[in-house]
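Right, one structure below, let's go through it.
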Amino acid sequence: MTERVRGIGMTSERTRMRMVERLRAAGVRDEKVLAAMAQIPRHIFIDEALSSRAYDDLSLPLGHGQTISHPLTVARMCEIARGGRELGRVLEIGTGCGYQAAVLSCIAREVFSVERIAALLEQARVRILRELRLRNVRMKHVDGREGLPEAAPYDAIVMAAAAPEAPPALIEQLAPGGRMILPLGNAKQRLCLIERLPSGIVESMLEEVHFVPLRAGVLR
Ligand code: SAH
């Protein structure tokens, strides 16, 4: 492991373990998710100048006007998406810095993550594939509103950008029993869980959150 990945002081494993204890205290119960958050070094996904804040309970800027989600939001979304199940294929919309994709790689067999901003995706590729060598993550530069039909269906879909309503293509790409978690709304947003049950599609509204908006088209 390189020194950068291992971290020291404010980026050390001890600091990360304290973050995990705060997640537990905040009500995260899924041990597999907590273990994933204990394993993935969050500081390598954040600009060097901000890395001493990587394990604080904050969302942080990641460039291009985008933000890496608050650790509790990442943990909650993973916990809800998993729903206590073993996950095969998972799709993430909005790779951003790649942190959530890395966490998902520890709780699912295969992770597909898509991002519309090419520069962010390139950086995420370096961190996930070269620095952490997470071999079960595939990343693609596409508009995530259409999902990723070529690898569908997915046991879980995690959308990391907010929309007024769930993109229909994503609901279509959910496997039977599949769960999708996404922030719904504009100025005021809530997490929404969408489940594909034998009886049909069921939606539940959960806690309030704050995400950047889902946008149309791709940027080179
Ligand atoms: N999961 C990320 C959080 C990223 S913020 C992390 O751990 O850092 C949301 C991301 O969604 C941004 O990078 C933004 O560019 C991306 N995004 C917004 N609209 C999108 C779309 N239509 N398709 C794919 N990605 C999109």
Side-chain angles (χ1 to χ4, degrees), residues 1-7 10-11 36-37 39-56 58-71 73-74 77-78 81 89-106 108 110-152 154 157-164 167 169-170 173 181-183 186 189 209-220:
M1 200 192 290
T2 65
E3 210 162 283
R4 171 170 141 81
V5 169
R6 197 164 46 241
M10 292 308 284
T11 60
M37 305 269 306
Q39 187 184 331
I40 299 297
R42 184 169 157 96
H43 64 273
I44 71 158
F45 292 92
I46 289 168
D47 193 87
E48 291 265 10
L50 291 170
S51 64
S52 67
R53 324 253 8 222
Y55 297 99
D56 291 356
L58 291 172
S59 56
L60 291 167
L62 57 83
H64 301 268
Q66 307 302 320
T67 53
I68 175 173
S69 306
H70 194 292
T73 307
V74 173
M77 287 179 94
C78 290
R89 287 191 168 178
V90 173
L91 174 64
E92 178 189 39
I93 311 299
T95 314
C97 65
Y99 175 67
Q100 182 146 26
V103 173
L104 286 168
S105 81
C106 305
E110 272 183 293
V111 177
F112 296 83
S113 184
V114 302
E115 169 59 54
R116 66 182 286 271
I117 303 178
L120 286 178
L121 194 69
E122 277 319 305
Q123 219 173 21
R125 277 206 174 107
V126 170
R127 289 159 173 169
I128 292 181
L129 302 178
R130 206 169 308 154
E131 295 194 86
L132 296 183
R133 299 172 193 275
L134 301 170
R135 298 282 177 233
N136 63 338
V137 182
R138 274 183 242 164
M139 285 161 271
K140 203 160 176 190
H141 183 220
V142 294
D143 182 345
R145 293 175 312 154
E146 299 308 321
L148 191 63
E150 67 242 42
Y154 302 96
I157 300 179
V158 175
M159 195 165 106
L170 296 183
Q173 291 169 29
I181 181 82
L182 72 164
N186 297 308
Q189 303 165 7
V209 283
H210 193 75
F211 277 84
V212 296
L214 187 75
R215 298 219 185 273
V218 294
L219 290 183
R220 287 272 141 215

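The analysis underlying the following values was restricted to heavy atoms, covering all of them including side chains, and did not include hydrogens, waters or symmetry mates.
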Distance (rounded to the nearest 0.5 Å) between F112 CZ and L104 CG: 12.5 Å
If you measure from CD1 on I128 to OG on S113, what distance do you get to the nearest 0.5 Å? 6.5 Å
Test of understanding: with salt bridge (Lys or Arg N to Asp or Glu O under 4.0 Å), list the residues that count as partners of D143, not counting sequence neighbours. R145
Distance from M139 atom CE to L129 atom CG, nearest 0.5 Å? 4.0 Å
So which heavy atom on A102 is nearest to which on L134, and how close? CB-CD1, 3.7 Å
Hey, is CZ on R215 packed in by over 12 heavy atoms from elsewhere, all under 6.0 Å? no
Reported CZ-to-OG1 distance for the pair R42 and T11, which is rounded to 0.5 angstrom: 13.5 Å
Find the distance between CD (E92) and CD1 (I157) and round it off to the nearest 0.5 Å. 11.5 Å
Whether E150 and K140 form a salt bridge (side-chain N of Lys/Arg under 4.0 Å from carboxylate O of Asp/Glu) is what I want to check. yes
Taking side-chain contact (heavy atoms from CB on, under 4.5 Å) as the definition, give me every residue that meets it alongside E48, ordered by chain and number, with sequence neighbours left out. R4
Could you state the interatomic distance from CG (L58) to CZ (R53), rounded to the nearest 0.5 Å? 5.0 Å
After noting the C-alpha distance and the side-chain angles of Y154 and L148, does the key distance pass the side chain to side chain contact (heavy atoms under 4.5 Å, CB included) rule? CA-CA 10 Å; Y154 302 96; L148 191 63; 3.3 Å; yes
Set of side-chain contact (heavy atoms from CB on, under 4.5 Å) partners for A118, sequence neighbours left out: H141
